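Report on the structure given below.
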Amino acid sequence: MAYDFIHIEEKWQKHWSDNKVFKADNESNLPKYYVMDMFPYPSGAGLHVGHPLGYIASDIYSRYKRHKGFNVLHPQGYDSFGLPAEQYAIQTGRHPLETTNENILRYRAQLDRLGFSFDWSREIRTSNKDYYKWTQWMFIKLYNSWYDLSLKKARSIEDLILIFNKSGNINLNASKSESSLKFNSKQWCSFSEQKKEKVLLDYRMAFLSDTEVNWCPELGTVLANDEIIDGLSERGGYEVIRKKMIQWSIRISAYSDRLLSGLNDIDWPDPLKEMQRNWIGKSEGILVKFDVLNFDKQIHAFTTRPDTIYGVTFVTLAPEHPLVELITTDDNKNHINNYILESSKKTERDRISDVKSISGVFTGAYVLHPLTNIKIPVWISDYVLAGYGTGAVMAVPCGDQRDYNFAKFFNLPIVNIFKDIDISNEAFKEKNNFVLTNSEELNGLDFKKGYLLALEKLKKLDKGIHEINYKLRDAVFSRQRYWGEPFPVYYKDNMPVMISEKYLPVELPNVDKYLPTEDGNSPLGNSANWAWDSLNNKIVSNKLINNETVFKMELNTMPGWAGSSWYFNRYMDPTNKDEFASKKSLNYWKEVDLYIGGSEHATGHLLYSRFWQYFLYDLGLVPVKDYAKKLINQGMILGNSAFIHRLNGTNTYISNELVKEQNVQLIHIEISCVNSNNELDLEELRKWQPQFKNAKFEFLNDKFIVKREVEKMSKSKYNVVSPDEICEKYGADTLRLYEMFLGPIEQAKPWNTAGIKGTFSFLKKFWNLFHQNENFNVVNDKPSSESLKILHKTIKKINDDIENFSFNTSVSAFMICVNGLSSIKCNNRSILESLCVLLSPFAPHISEEIWNKLGHNESISFVNYPECNPVYIKENNVEYPVSFNGKLKFKLVQESSLDIHQIKQNIIIDQRTNNYLDGRGIKKIIVVPGKIINIVC
RNA sequence: GCUCGAGUGGUGGAAUUGGUAGACACGUUGGACUUAAAAUCCAAUGAUCAGUAAUGGUCGUAUGGGUUCAAGUCCCAUCUCGAGUACCA
């Protein structure tokens with residue numbers, strides 16, 4: 001009987017879905033286990049073979065855990081709001097809702113075909129109003145909270161008002177926006193309501209501010225830092241410029257230190273943690289206060305090198321620094337203003353590509369050195385960033401290359417404070433291997449001692465504060481886009497007002513035009529009905545706006561990461577109408593035990609979601625601080641692109657070997673036009689794109705060889721392999737096994753369809769163990785010791801490998817096992833039953849089919865995973881355990897005078913020579929399996 | 001530049017805590033079955049030397065050193081590749 005995978009897979013997929021086999025229960029006596037994938041973005045292109053890699057791994061682990069007796073939650077959903085869906089809608093001229101639903105259906109069909117054990121009854125979509133209702137609800141929570149830096153947690157804004165009533169903000173240690181307004185309780189009480197609101201807005205976790213943002217005119221929206229690559233937008237690769245706009249921001253920077261230290265408590269991949277650490281960018285140093293000459297003002301500059309304080313020869317401010325205008329002398333005003341104008345015009349791209357050129361202008365003002373009181377000139381330059389530290393730098397040319405270059409360029413003095421170190425060509429950047437000189441009381445000290453003494457001195461003079469700085473910026477939360485969560489916000493007297501929780505969700509209105517506008521107005525402005533009637537609490541026509549009872553709504557929408565920052569909590573209780581998830585369900589499932597997804601989200605989603613969960617935790621809304629205990633990054637599966645060479649300016653293409661020194665252009669071609677020997681099938685190519693009909697092709701030895709290159713799999717590179725093709729030809733089980741077999745889960749690896757034969761023939765062999773001459777054929781004998789040995793070695797190996805997420809070696813172990821069983825012609829029922837269960841997480845369809853044929857009515861999913869019995873080799877009535885790789889492990893019995901246990905518990909024998917060479921006192925142990933004869937010391 | 005990570009046959013990749021390097025698979029070669037092909041099955045397959053052969057020797061995990069009875073694995077230096085980040089003071 002042939003292995004008819006198409007029939008088998010359809011049958012079992014139907015069975016699972018009809019019987020809701022994978023439905024997880026919120027109440028159970030079993031221990032819980034929560035396995036989650038990063039939910040996909042339903043794009044128009046459908047899935048390619050790279051997408052399911054992580055899903056296959058998580059599915060294997062989920063099924064394995066079910067076998068092990070856990071109540072497993074393994075949900076799936078769609079991150080269906082956001083830019084790509086909208087871009088696709090714009091391109092096709094259809095409503096995003098319509099295209100999104102269509103894409104989701106396609107994704108679902110493709111996912112189903114792979115036989116995943118998702119609990120689809122818990123499906124969520126971020127663009128569903130039942131879901132984004134709670135995203136809006138959480139936004140309101142953010143708005144109504146502030147961050148207490150002393151208690152290190154977010155607190156209700158009511159608490160803040162109480163504090164203001166009692167003592168103003170004099171002693172308050174809170175995270176807030178730039179504003180130097182200080183007030184006591186009396187002043188606070190005298191403020192108008194509007195002024196109070198303005199003050200509070202500076203403290204809220206979600207706040208409005210006129211910030212410089214990364215504006216992408218082509219996409220018509222602002223982008224977060226992590227959505228920009230090399231000054232171009234991540235999506236589409238369009239130019240990004242700096243622009244000031246009023247935007248909602250989220251005060252994620254308040255959580256910098258907790259997000260950083262929290263990394264120590266979670267089992268996430270080290271490289272990913274490292275990325276988050278770098279992104280948060282903690283640096284410890286001193287805020288040095290410089291008195292401005294002739295002004296009652298101070299310039300504060302952050303430095304990590306207070307030991308070099310005596311090397312300061314000038315101070316540089318960012319062009320946007322608030323003091324620049326005040327302190328600039330009249331004769332320098334023109335220069336300065338021109339420079340500020342110039343640098344504000346520069347795009348993000350220009351600034352990055354223009355790292356090397358040096359520019360700056362002298363303000364004419366001076367500050368006093370805090371320790372020597374020497375006059376120090378103040379310059380401005382755009383190498384100083386307004387957003388980091390205080391936007392001011394104390395320049396130490398001898399110890400910092402940029403300051404050095406700047407000083408050389410503008411002929412500013414350079415003082416060498418490093419003893420016997422030559423700085424005539426470049427600055428000395430090391431923190432070690434020097435002692436200070438020209439530094440008064442710091443002379444002779446090294447970095448550490450110099451640092452501490454300088455800190456102490458500056459503190460004493462009230463000229464320095466110990467400070468910790470972070471690179472992490474607050475996250476811009478507004479998008480000038482249609483396809484996103486609307487803000488539950490209207491504007492009264494130009495101040496934002498939250499719509500009451502009772503009236504959520506604020507539904508996304510229908511608009512005729514969802515194209516972004518170049519001037520930055522959101523498409524929501526095109527809606528005829530986008531005003532808030534505060535008497536009747538509902539959305540009404542814009543015509544009714546009177547600014548007394550009917551108000552203008554917020555036109556922006558939330559960014560893509562809003563909905564994905566908390567979705568793991570919603571899966572626990574996805575249909576709840578009264579809460580984002582019930583307390584009971586939150587307390588039962590608590591957190592994700594295993595989260596699988598790509599590392600490209602390291603500084604985006606994976607950071608924002610940690611922050612979001614911390615925030616919810618602070619408010620007591622969730623029971624755990626970190627939502628994902630363990631994270632695994634699956635590597636990308638890369639495509640194997642094919643190119644042909646076109647002679648420049650002609651319509652002639654030449655075979656790969658003919659390319660010598662001609663000018664050629666590489667043209668991507670569809671990979672299905674190329675066979676496994678890299679030979680081009682010209683007929684196929686002409687069928688694919690008729691433009692090649694009239695082209696000339698130069699062959700070599702009747703062959704036309706293409707050039708191949710490994711790159712990201714993408715539709716535009718014509719290198720996509722669809723899982724559907726593979727399922728048709730080999731079946732889902734083969735695809736699942738092969739994707740796991742390709743290599744370690746976390747590694748990037750190129751797809752190569754040729755190798756799939758190996759896993760396919762493995763499944764056929766497995767099938768043939770039970771089938772002989774068209775018949776199902778198993779025997780009920782007592783299993784032979786040989787077959788038991790094979791089975792138990794496999795059980796042990798597979799168990800260990802799954803626990804270590806080493807799925808590629810598991811698949812190898814299966815192959816070895818089946819090869820072994822088929823070579824001894826084992827078709828014993830009990831052996832095969834165990835093997836079925838063992839294999840079912842990897843290749844569920846074929847396993848279920850055989851399981852069923854073996855006479856079981858219940859689905860294989862509820863059977864316990866086979867336990868391993870150690871395999872022994874018996875010799876002279878002594879049993880020796882055999883390890884999986886065939887090495888004999890000898891338990892040493894106390895037979896010699898040596899205390900061998902102290903040396904090693906087990907020793908490994910070279911089976912060829914019977915020698916064992918363990919050291920540390922023992923020169924040589926000669927052992928024959930079964931008995932220890934000699935120990936030579 | 002800085003921070004991580006990785007270099008093993010023709011290819012993807014194995015190798016628990018340092019203990020038979022190259023598992024498993026692809027590819028290649030030879031054989032069986034077939035009129036033939038496909039499919040399937042069997043065998044060989046790191047390099048090199050000796051031998052008719054069984055077999056045996058030598059060299060081999062990017063390069064050069066080191067620690068160790070023993071190194072792909074640990075340490076130092078160098079080279080190459082990949083990822084992240086970038087005027088962060």
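We name chains A, B, ... by the order of the sequence lines, and we start the count at 1 in each one. Note that the coordinates shown come from a computational prediction; the quantities given were computed from them, not determined experimentally.
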What's the gap between C74(B) and G7(B) when it is taken at their P atoms, as a whole Å value? 10 Å
What is the distance, to the nearest angstrom, from the CG atom on L607(A) to the C1' atom on U85(B)? 14 Å
Go ahead and name the base partner of A47(B); Watson-Crick or wobble counts if both distances stay under 3.5 Å, otherwise write none. U58(B)
What nucleotide, of C88(B), U85(B), U40(B), holds the atom closest to the side chain of W279(A)? U85(B)
Does A23(B) have a Watson-Crick or wobble mate here (both distances under 3.5 Å), and if so which one? none
Give the nucleotide from the list A23(B), A14(B), C87(B) with an atom nearest to the side chain of L385(A). C87(B)
Separation of atom CZ in F760(A) from atom P in C26(B), rounded to whole Å: 13 Å
Classify the angle between the aromatic ring planes of W767(A) and H771(A) as parallel (below 30°), tilted (30 to 60°) or perpendicular (above 60°). parallel
Watson-Crick or G-U counterpart of C81(B), or none if no pair lies under 3.5 Å: G5(B)
It should be established whether Y470(A) places a side-chain nitrogen or oxygen under 4.0 Å from OP1 or OP2 of nucleotide C88(B). no
In the strands shown, is G18(B) matched to any nucleotide by a Watson-Crick or G-U wobble pair with both distances under 3.5 Å, and which? none
Given atom CE of M815(A) and atom P of G13(B), what is their separation to the nearest angstrom? 15 Å
G46(B) and C69(B): how far apart are their P atoms, nearest whole angstrom? 32 Å
Please determine, for the side chain of T603(A), which listed nucleotide (A39(B), U85(B), A25(B)) has the closest atom? U85(B)
Of the listed C88(B), C4(B), G13(B), the closest approach to the Q747(A) side chain comes from G13(B)
Interatomic distance at C1', U80(B) relative to C24(B), whole Å: 29 Å
Among U3(B), C24(B), U40(B), the one nearest N819(A) by side-chain distance: C24(B)
G9(B): syn or anti, with syn meaning chi within 90° of zero? syn
Which residue lies more 5' along RNA chain B, comparing A754(A) with P271(A) via nearest heavy atoms: P271(A)
Report yes or no: does H369(A) contribute a side-chain atom to a donor-acceptor pair with the main-chain N or O of I309(A) at less than 3.5 Å? yes
Side chain of P744(A), heavy atoms from C-beta onward: which of A89(B), A14(B), A86(B) has the nearest atom to it? A14(B)
Taking a pair to mean Watson-Crick or G-U wobble geometry with both distances below 3.5 Å, A32(B) pairs with U40(B)
Whole-Å distance separating the NZ atom of K282(A) from the P atom of A89(B): 14 Å
Side-chain donor-acceptor contact under 3.5 Å, T603(A) with Y608(A): no
With a 4.0 Å limit, can you tell me whether N405(A) has a side-chain N or O closer than that to the phosphate oxygens OP1/OP2 of C87(B)? no
Which nucleotide, if any, forms a Watson-Crick or G-U wobble pair with G72(B), using both distances under 3.5 Å? none
Interatomic distance where CG belongs to N808(A) and P belongs to U16(B) [whole Å]: 13 Å
F290(A) atom CZ is separated from A89(B) atom P, nearest whole Å, by 16 Å
If the cut-off is 4.0 Å, is K757(A) near the phosphate of A25(B), judged by side-chain N/O to OP1 or OP2? no
Which nucleotide sits closest to the side chain of T809(A): A14(B), C87(B), A86(B)? A14(B)
So for atom CE, which belongs to M713(A), do other residues, nucleotides or ligands contribute more than 12 heavy atoms lying within a distance under 6.0 Å? yes
What integer distance in Å separates K729(A):NZ from A38(B):P? 15 Å
Exactly one candidate in L458(A), V288(A), V312(A) meets side chain to side chain contact (heavy atoms under 4.5 Å, CB included) with L371(A); the answer is L458(A)
From the set G12(B), A89(B), C87(B), return the single nucleotide nearest to any side-chain atom of D382(A). C87(B)
State whether a side-chain donor-acceptor pair under 3.5 Å links D382(A) with S343(A). no
Suppose you measure atom P in G22(B) against the same atom in C76(B); what distance do you get, rounded to whole Å? 29 Å
Plane angle bin for F406(A) and W379(A) - parallel if under 30°, tilted between 30 and 60°, otherwise perpendicular: perpendicular
Distance check, C1' atoms only: U45(B) and A23(B), in whole angstrom units. 15 Å
Need one value for P750(A): base, sugar-phosphate or nothing, where a base atom within 4.0 Å counts as base even if backbone is also close, heavy atoms only. nothing
Just how far, in rounded Å, is P of A23(B) from NZ of K793(A)? 16 Å
